[in-house]
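So the structure is just underneath, and the comments pick up after that.
First the proteins, then the strands, lettered A, B, ... as listed; each starts at 1.
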Number of protein chains: 2
Amino acid sequence: MDEIAGAIADPVRRQILELLHQQRRSVGEIAEQFDISRPAVSRHLRVLRSSGLVSDELVGRQRFYMLHPEKLTQLIEWLARFGEPAGWERHLDALETEVYRTRRDRRTRHPSSSDDVKENTA
Amino acid sequence: MDEIAGAIADPVRRQILELLHQQRRSVGEIAEQFDISRPAVSRHLRVLRSSGLVSDELVGRQRFYMLHPEKLTQLIEWLARFGEPAGWERHLDALETEVYRTRRDRRTRHPSSSDDVKENTA
DNA sequence: ACAAAGGGTAACCAATTGGTTACGCATTGT
DNA sequence: ACAATGCGTAACCAATTGGTTACCCTTTGT
């Protein structure tokens with residue numbers, strides 16, 4: 001999970017993940033979106049690759065990258081634990097429920113949203 | 001959100017957040033858990049403070065830190081979107097528009113690109 | 001056969017990060 | 001009044017990061 005958190009810490013890499021969420025893309029298509037040089041993009045892709053968040057497939061002379069969103073699950077779950085009460089029994093205050101309220105709102109608006117994060121509806 | 005992602009990228013800071021999830025703690029209590037020097041802990045706390053994830057309260061000569069878990073919401077939401085099918089981005093809410101506005105800004109800023117991104121779906 | 005395109009790697013560089021020790025300053029205890 | 005405690009800041013240092021340009025290899029197009 002260390003590598004995942006580190007991979008996400010960079011804004012360029014986060015934007016690359018968003019691009020790949022829509023569809024798989026070649027390196028050229030990705031690099032086109034940024035002001036930095038293509039080798040710089042190449043290294044961001046290497047970081048993402050070694051974190052397992054993306055994989056690549058060589059097609060002709062192009063290399064396509066695709067996202068593996070499942071890799072985010074562990075991090076999401078770690079983060080979501082902070083929305084739960086700390087100890088065994090602890091009363092919910094406004095701060096602790098904030099995260100879950102927002103998620104509930106979103107799910108209500110999107111009937112098909114995923115349920116991979118466990119929830120503890122009080 | 002940049003600061004949040006960066007704050008979480010460090011393992012020491014993640015562990016500090018876990019300590020503070022249970023209860024508010026003084027700097028001494030926190031530093032006690034690590035092998036690094038107290039000033040090093042102090043700087044990790046400064047990073048967490050400037051990200052808004054924690055705040056501090058001076059009590060006598062001790063300084064207590066406490067967690068603000070609701071600050072994690074934006075990041076959780078961003079991550080959770082990758083579990084949903086792509087294309088829902090058109091469905092606007094505050095979070096999604098912010099991400100897309102940033103992306104559009106960056107792309108508009110370099111007019112050298114001949115075209116929009118080509119769709120090459122198989 | 002050869003030129004052009006796609007993309008990774010290497011070498012280098014400046015800026016940032018994360019650690020250290022030394023120090024300062026306010027609060028507490030004697 | 002003064003020593004000790006709690007904790008932040010400053011100065012410094014090594015390692016990492018993120019960018020650059022130059023170069024190489026493979027694939028495609030003529």
Side-chain angles (χ1 to χ4, degrees), chain A residues 2-17 19-20 23-67, chain B residues 1-17 19-20 23-67 102 106 109-110 112-115 117-120 122:
Chain A
D2 227 0
E3 288 184 306
I4 304 284
I8 284 183
D10 185 274
V12 171
R13 289 194 292 265
R14 281 200 303 273
Q15 198 176 334
I16 290 178
L17 294 182
L19 290 171
L20 295 180
Q23 52 188 287
R24 60 215 295 273
R25 300 190 126 101
S26 72
V27 175
E29 287 172 331
I30 296 169
E32 199 171 55
Q33 307 286 126
F34 300 93
D35 282 341
I36 63 181
S37 68
R38 206 176 38 65
V41 172
S42 228
R43 270 208 330 204
H44 281 301
L45 288 171
R46 182 164 56 192
V47 171
L48 290 172
R49 213 186 313 128
S50 74
S51 81
L53 279 171
V54 307
S55 66
D56 61 306
E57 181 188 349
L58 197 56
V59 177
R61 61 182 165 185
Q62 306 199 101
R63 186 176 296 266
F64 287 90
Y65 279 85
M66 54 193 195
L67 180 65
Chain B
M1 169 166 102
D2 225 355
E3 289 184 305
I4 303 283
I8 284 187
D10 185 275
V12 170
R13 289 195 291 266
R14 280 201 303 272
Q15 196 176 332
I16 291 178
L17 292 183
L19 290 172
L20 294 180
Q23 51 188 293
R24 60 215 295 275
R25 293 182 195 273
S26 72
V27 176
E29 287 172 332
I30 295 169
E32 194 168 63
Q33 309 280 352
F34 301 93
D35 280 342
I36 63 180
S37 68
R38 206 177 37 64
V41 172
S42 228
R43 270 207 330 204
H44 281 302
L45 288 171
R46 182 165 54 193
V47 171
L48 290 172
R49 213 187 311 130
S50 73
S51 81
L53 279 171
V54 307
S55 67
D56 61 304
E57 182 188 349
L58 196 57
V59 178
R61 62 182 163 184
Q62 304 197 97
R63 186 175 297 267
F64 287 89
Y65 279 85
M66 54 194 196
L67 181 65
T102 311
R106 292 185 62 95
R109 219 174 294 132
H110 36 114
S112 59
S113 70
S114 55
D115 257 344
V117 178
K118 230 186 334 186
E119 310 275 4
N120 61 349

From the options [options], select the nucleotide whose nearest atom is closest to the side chain of [X].
| X | options | answer |
| --- | --- | --- |
| Asp10(B) | dG19(C), dC7(D), dG18(C) | dG18(C) |
| Pro39(B) | dT20(D), dG8(C), dT21(C) | dT21(C) |
| Gln62(A) | dG7(C), dG19(C), dG8(C) | dG7(C) |

Using a cut-off of 4.0 Å on non-hydrogen atoms, how would the nucleic acid contact of [X] be classed: base, sugar-phosphate, or nothing?
| X | value |
| --- | --- |
| Arg46(B) | sugar-phosphate |
| Arg13(B) | sugar-phosphate |
| Tyr65(A) | sugar-phosphate |

Nearest-angstrom distance from the residue atom [atom1] of [X] to [atom2] of [N]:
| X | N | atom1 | atom2 | result |
| --- | --- | --- | --- | --- |
| Arg38(B) | dC25(C) | CZ | C1' | 13 Å |
| Arg25(A) | dG7(C) | CZ | P | 13 Å |
| Asp35(A) | dG18(D) | CG | C1' | 15 Å |
| Phe64(B) | dG6(D) | CZ | C1' | 11 Å |
| Leu45(A) | dG7(C) | CG | P | 10 Å |
| Ile36(A) | dA14(C) | CD1 | C1' | 16 Å |
| Leu58(A) | dA5(C) | CG | P | 19 Å |
| Glu57(B) | dG8(D) | CD | P | 14 Å |

Less than 4.0 angstrom between a side-chain N/O of [X] and OP1 or OP2 of [N], yes or no?
| X | N | result |
| --- | --- | --- |
| Ser37(B) | dT20(C) | yes |
| His44(B) | dG19(C) | yes |
| Ser42(B) | dC7(D) | no |

Item to check | N/O donor-acceptor pair under 3.5 Å between Arg25(B) side chain and Leu19(B) backbone | outcome: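 Side chain of Arg25(B) to backbone of Leu19(B), a donor-acceptor pair under 3.5 Å: yes, one is there.
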Look at the side chain of [X] against the base of [N] and say whether a donor-acceptor pair falls under 3.5 Å; ignore hydrogens and angles.
| X | N | result |
| --- | --- | --- |
| Arg61(B) | dT5(D) | yes |
| Arg43(A) | dG18(D) | yes |
| Arg63(B) | dG6(D) | no |

Checklist entry - Side-chain contact, heavy-atom cut-off 4.5 Å: Gln62(B) with Val27(B)? => result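 No, too far: nothing below the 4.5 Å cut-off.
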Next on the checklist: When you compare the side chain of Arg63(A) with that of Ser26(A), does any pair of heavy atoms fall below 4.5 Å?
Outcome noted: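 When only atoms from C-beta onward are counted, Arg63(A) and Ser26(A) do not touch, as no gap falls below 4.5 Å.
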Item to check | Worked check of side chain to side chain contact (heavy atoms under 4.5 Å, CB included) between Ile8(B) and Ile8(A) | outcome: CA-CA 9 Å; Ile8(B) 284 187; Ile8(A) 284 183; over 6 Å; no
Item to check | Minimal non-hydrogen separation, Arg14(A) against Ala5(B), with atom names | outcome: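 Looks like NH1-CB, 3.5 Å.
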